[in-house]
Amino acid sequence: MVNRNLSAKMLTRGATKRRNVELEQIIPRSEGRGALSSKLYKGRSVIDDFRCSGALRVLFPRTDQDLSAILINTSGGLTSGDIFEFEATAQKGSNLTLSTQAAERGYRALTGSAVTQTTLSVEDGARLNWLPQELILFDGCDIERSLTANMQGDAQFLFVEPMVFGRTAMKETVNRGRFLDQVTIYRDQILLYFDRVRLEDDLKNTLSQRAIAQGCLAMVNLIYIGPDAEAHLDTVRSHLPITGGATMIEDDVMVGRVLASDGFELRQALLPILDLLSQNTLPKTWRL
Amino acid sequence: MATVARIVMNMGIQRIMTTDPKLLTLVHWLSPSYPIGSFAWSHGIEAAIAQGWIEDDQSLKEWLTDLVQQGSIRNDAILISLAYGTTDYDTVRNLNATARALAASKERIREAERQGTAFAKTTREVWKLNLPDLMLPVALGYAARLQDLDGQSLTAIYAQSVLSNLVLAAQRLMALGQTSAQTILLELTPLCAELSQDVAHSDLDDIYSNCFLSDVASMVHETQQPRLFQS
């Protein structure tokens with residue numbers, strides 16, 4: 001719908017169809033695929049299996065303890081027709097931290113959605129930290145994102161996916177766009193957490209609505225599954241702005257939702273929380 | 001005279017025919033006097049008012065509109081509709097897990113779980129149904145299926161009963177007169193009818209919520225002091 005509206009606005013009716021065909025031919029599609037698994041070897045977490053192709057690259061910075069991987073989208077952003085698929089497994093007893101080199105960008109998309117799909121598995125006694133930097137949406141974006149995590153037994157999991165609707169410091173505004181997002185977490189095959197967002201068309205107006213965001217332009221979902229989750233609840237709450245909340249949906253499952261006026265305010269709230277919950281192993285790319 | 005009597009009699013019959021007793025069962029289940037304790041839950045409204053996110057008639061109406069059009073009330077209606085549409089107990093159990101996983105906070109889980117359990121207990125005993133304890137929307141949909149009631153009426157009446165309960169909660173928490181409260185409900189009523197049509201043929205893929213601040217409200221309510229409501 002959005003694409004049709006945008007192109008109709010920009011082009012005369014007669015030229016629309018021909019022009020869209022041309023655009024489809026001109027705009028290069030980015031595809032990126034990757035898979036990574038960690039295992040415990042002589043008391044350390046190391047790479048077990050790794051492959052990647054297309055516009056997805058992975059860096060492995062040296063760290064003292066856990067295996068850390070930094071994902072890079074070499075195409076520089078997400079637009080129509082892009083497909084990114086990534087799978088990661090933290091095998092029994094191993095620790096794996098995943099982040100991105102920089103914020104991801106969802107650019108104006110004229111001929112369909114960009115699709116990103118992530119599948120994470122965390123085995124018994126393992127821990128996985130999924131800590132991508134912000135997804136920054138631009139006017140006219142069209143993104144379908146989904147993440148599924150499969151937890152086993154006493155696996156631990158830290159998850160954040162921060163979002164920014166236009167960089168206010170750059171005077172960018174997201175008026176229209178489409179953003180579909182889904183996060184599904186299973187533990188021992190039982191559904192534990194399910195969240196789906198569907199923001200379409202007039203995003204600026206939607207985000208200004210009462211029960212939605214009252215004009216906040218940045219938000220994050222925070223999930224932490226671990227035996228110490230409840231012990232950290234009060235500290236996490238103390239770092240939240242008034243438009244943020246945290247709760248325990250199970251004895252060891254903390255869920256938070258934070259809204260902030262912009263990406264900067266969101267980061268300020270998020271950094272101490274991520275330091276706390278990641279036991280100070282937040283990848284350095286977060287502070288560059 | 002005979003003609004008049006016949007007309008009166010016909011009207012009488014017609015009236016009896018159009019008032020389906022099954023509809024009355026739905027109204028019975030969703031009336032404030034049905035012992036599920038709905039009066040104790042504000043669905044985050046108490047926190048939203050304390051934070052100033054809801055401050056007057058207009059903002060209360062906007063907040064509730066969001067819940068119906070792209071939030072928890074819409075998702076509940078979908079869950080009711082899906083639970084109503086099945087006789088397979090495994091599907092019902094999966095829907096119950098979805099209802100639980102969708103709940104934004106500890107208090108949201110409790111709200112749906114405790115009301116659902118209370119609903120199932122009374123309905124099971126009074127109607128002699130094989131109805132297990134389920135989250136409220138799933139319990140309602142499944143019970144309506146077991147009693148062969150009208151699913152579309154159920155979602156509309158459910159949405160209106162939730163809104164009515166939340167407006168009542170707001171009346172206890174902010175300056176909101178009787179007339180304004182009932183005016184808000186009147187204005188929201190067409191949305192309930194629209195919603196029940198929209199969700200009649202929906203599936204799990206139609207579930208979503210954009211009501212982020214409503215989720216935050218239900219989370220911050222946990223630490224709010226003093227408070228009147230359990231959510």
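All values derive from a computational prediction rather than experimental measurement. Chain letters run A, B, ... following the sequence lines, proteins first, then strands; residues in each count from 1.
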The interface call for A/Leu199 against chain B, heavy-atom contacts under 4.5 Å, is both

Honestly, the part of B/Thr98 sitting under 4.5 Å from a heavy atom of chain A is both

Counting C-beta onward and ignoring hydrogens, is there a side-chain heavy-atom pair between B/Tyr208 and A/Asp195 closer than 4.5 Å? no

Okay, A/Thr206 and chain B: the region with an atom under 4.5 Å from a heavy atom over there is side chain

- Query: So does B/Asp88 have more than 12 non-hydrogen atoms from other groups sitting under 6.0 Å from CG?
  - Reply: yes

**Heavy-atom side-chain proximity of A/Thr247 to B/Arg108 below 4.5 angstrom** = no

Whatever's closer than 4.5 Å to a heavy atom in chain A on B/Asn210 counts as both

request  = Please test B/Gln70 against A/Glu200 for side chain to side chain contact (heavy atoms under 4.5 Å, CB included), starting from the C-alpha separation and ending with a verdict.
outcome  = CA-CA 11 Å; B/Gln70 44 190 327; A/Glu200 285 180 289; over 6 Å; no

All heavy atoms of A/Arg196 vs all of B/Asp205, minimum pair found to be NH1-O, 3.2 Å

Among residues 251-265 of chain A, those lying within the under-4.5 Å heavy-atom range of chain B are A/Val255, A/Gly256, A/Arg257, A/Leu259

Between the CZ atom in A/Phe194 and the CD1 atom in B/Ile207, the distance rounded to the nearest 0.5 Å is 6.0 Å

When the 4.5 angstrom heavy-atom criterion is applied to B/Ala47 and chain A, the contacting part is neither

Ranked by heavy-atom pairs below 4.5 Å to chain A, first place among B/Ser214, B/Gly71, B/Ala97, B/Ser59 goes to B/Ser59

Self-check item: Any A/Gln214 side-chain heavy atom under 4.5 Å of B/Glu62 side chain
Solution: no

Around B/Tyr89, counting heavy atoms of other residues, nucleotides and ligands shown, do more than 12 lie under 6.0 Å from its OH? yes

Okay, B/Gln51 and chain A: the region with an atom under 4.5 Å from a heavy atom over there is side chain

Cut-off 4.5 Å, heavy atoms of chain A, and the answer for B/Ile109 is side chain

Would you say B/Trp53 and A/Arg210 make side-chain contact, with heavy atoms under 4.5 Å? no

For B/Arg100 and A/Glu250, the nearest pair of non-hydrogen atoms, with its separation, is NE-OE2, 4.1 Å

Closest heavy-atom pair, A/Ile212 versus B/Phe212, reported as atoms and distance to 0.1 Å, is O-CB, 3.4 Å

Bottom line for B/Leu204: the part with an atom under 4.5 Å from chain A's heavy atoms is backbone

**Message:** Tell me if a side-chain donor or acceptor on B/Asp66 pairs with a main-chain N or O of A/Ala211 at a distance below 3.5 Å.
**Reply:** yes

Do the side chains of A/Gln209 and B/Leu213 get nearer than 4.5 Å, heavy atoms only? no

Could you tell me whether A/Tyr186 atom OH has more than 12 heavy atoms of other residues or ligands within 6.0 Å of it?
no

